[in-house]
Chemist: 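Have a look at this one.
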Protein chains: 2
Amino acid sequence: MTDSQLIFGESLHRLMHAYQRTMREAFRTHAIELSVAQVRVLKCVAGAKAATVHAISQRMDSDRGQVTRAVAQLRERGLVVQRDNTVDRRVPLLAVTPAGRDLLARVLDIQAAAGRRMAHGLAEADVAQFVAIADHMTDGLGNAADG
Amino acid sequence: MTDSQLIFGESLHRLMHAYQRTMREAFRTHAIELSVAQVRVLKCVAGAKAATVHAISQRMDSDRGQVTRAVAQLRERGLVVQRDNTVDRRVPLLAVTPAGRDLLARVLDIQAAAGRRMAHGLAEADVAQFVAIADHMTDGLGNAADG
DNA sequence: CTGTTTTCGTTGACCTAGTCAACGACCTGA
DNA sequence: TCAGGTCGTTGACTAGGTCAACGAAAACAG
């Protein structure tokens, strides 16, 4: 337990801050009028086979109400559609429209470019390990087992 | 440029989210009535030799107004004091009170415990490398040089 | 089948964080 | 001395996140 613990939170905070700001700015310059949260939801809908508000909120580890609102905004823009679920009528199924898929492709390009800037000078293995450690840490926080 | 780029932002987001929530919850259970932002500022004031709003906002990479407000709250709680600066009267100098230092010590313990949970199962070198990569990435985003 | 409980999406109210623009006080340098 | 810049402060605004409640619908116990 050295100083690395002491500055850990600060490094994380600054990186997150820089990342969010970079994304927002890039979206603005590319005329993509989506918030970071909307993009996250859009990605989840596109990636899931049976996308529901509940499933998305779990995968994103965020509030259901938050997801509901983001989905509503995406639907207003015609990027996502709901269709009735014959199996469970409480839970409409979400799907990405072609327009949503096009926009998402552009977003992924932008994020990849930002990722390239962030990873500049790092080996790909380093980046992969970074992601692995991040996920490991998230798991460690989620399972609230005191050490 | 593999899939690691695609999920990078998501991993970062989830980790940050889990970290912030863990901190907030721990502060609540330990009856430390400070927001995460206030703690960050308190740490900065404690760590800097000549703490000013400007210096803190630069080190935290955040808005001056935000720092001003956080400092005001810390002063209301008697954790930080301002004293006049004879050299430049625009810029009062900030200092942590003994009460602030005590509270900060408790906060650091809590953060260290959270850090232990996050780092559980990881070698210390991994954590150090994680921080190093995070800082590197933050720098890469800050200097907006396209690659 | 009936009543209870649970799950799910939705909504409202609220809080923290971050952004942007302005202002007065003050320093700096011509 | 005075024009321009810096600093702290304030107000208004947006985004993100939290919590509690509600109605609809499923799941379950009897």
Chemist: Is B:Leu74 linked to B:Val81 within one hydrophobic cluster, defined over Ile, Leu, Val, Met, Phe, Trp and Tyr using a side-chain heavy-atom separation of less than 4.5 Å?
Modeler: no

Chemist: Let me know the distance between OH of A:Tyr19 and P of C:dA17, rounded to the nearest Å.
Modeler: 22 Å

Chemist: Who passes salt bridge (Lys or Arg N to Asp or Glu O under 4.0 Å) against A:Arg21, sequence neighbours left out?
Modeler: B:Asp61

Chemist: Distance check: side-chain N/O of A:Thr52 vs OP1/OP2 of C:dG9, anything under 4.0 Å?
Modeler: yes

Chemist: Return the value, rounded to whole Å, for the distance between atom CD of A:Gln58 and atom C1' of C:dG9.
Modeler: 14 Å

Chemist: Quick check: do A:Phe27 and A:Arg106 have side-chain heavy atoms less than 4.5 Å from each other?
Modeler: no

Chemist: Could you list the protein-to-nucleotides 15-20 of chain D atom pairs, N/O on both sides, closer than 3.5 Å?
Modeler:
unit_1 : atom_1 : unit_2  : atom_2 : d
D:dG16 : OP1    : A:Val36 : N      : 3.4
D:dG16 : OP1    : A:Ala37 : N      : 3.3
D:dG16 : OP2    : A:Ser35 : OG     : 3.1
D:dG17 : OP1    : B:His13 : NE2    : 3.4
D:dG17 : OP2    : A:Gln66 : NE2    : 3.0
D:dT18 : OP2    : B:His17 : NE2    : 3.2
D:dC19 : N4     : A:Asp63 : OD2    : 3.3

Chemist: Is there side-chain contact between A:Leu94 and A:Val71, with heavy atoms separated by less than 4.5 Å?
Modeler: yes

Chemist: So among B:Gln73, B:Arg69, B:Met60, which one has a side-chain contact (heavy atoms from CB on, under 4.5 Å) with B:Val41?
Modeler: B:Met60

Chemist: What residues in residues 73-92 of chain A put a non-hydrogen atom under 4.0 Å from any atom of DNA chain D?
Modeler: A:Asp88, A:Arg89, A:Arg90

Chemist: Starting at CG of A:Leu34 and ending at P of D:dT14, how long is that distance when rounded to a whole Å?
Modeler: 17 Å

Chemist: Would you indicate whether the side-chain heavy atoms of A:His13 and B:Val36 approach each other to under 4.5 Å?
Modeler: yes

Chemist: Quickly work out the B:Glu33 CD to C:dT16 P distance and round it to whole Å.
Modeler: 11 Å

Chemist: Using 30° and 60° as the class boundaries, would you call the ring planes of B:Tyr19 and A:Phe8 parallel, tilted or perpendicular?
Modeler: perpendicular

Chemist: Between A:His54 and A:Arg90, is there a side-chain heavy-atom distance shorter than 4.5 Å?
Modeler: no

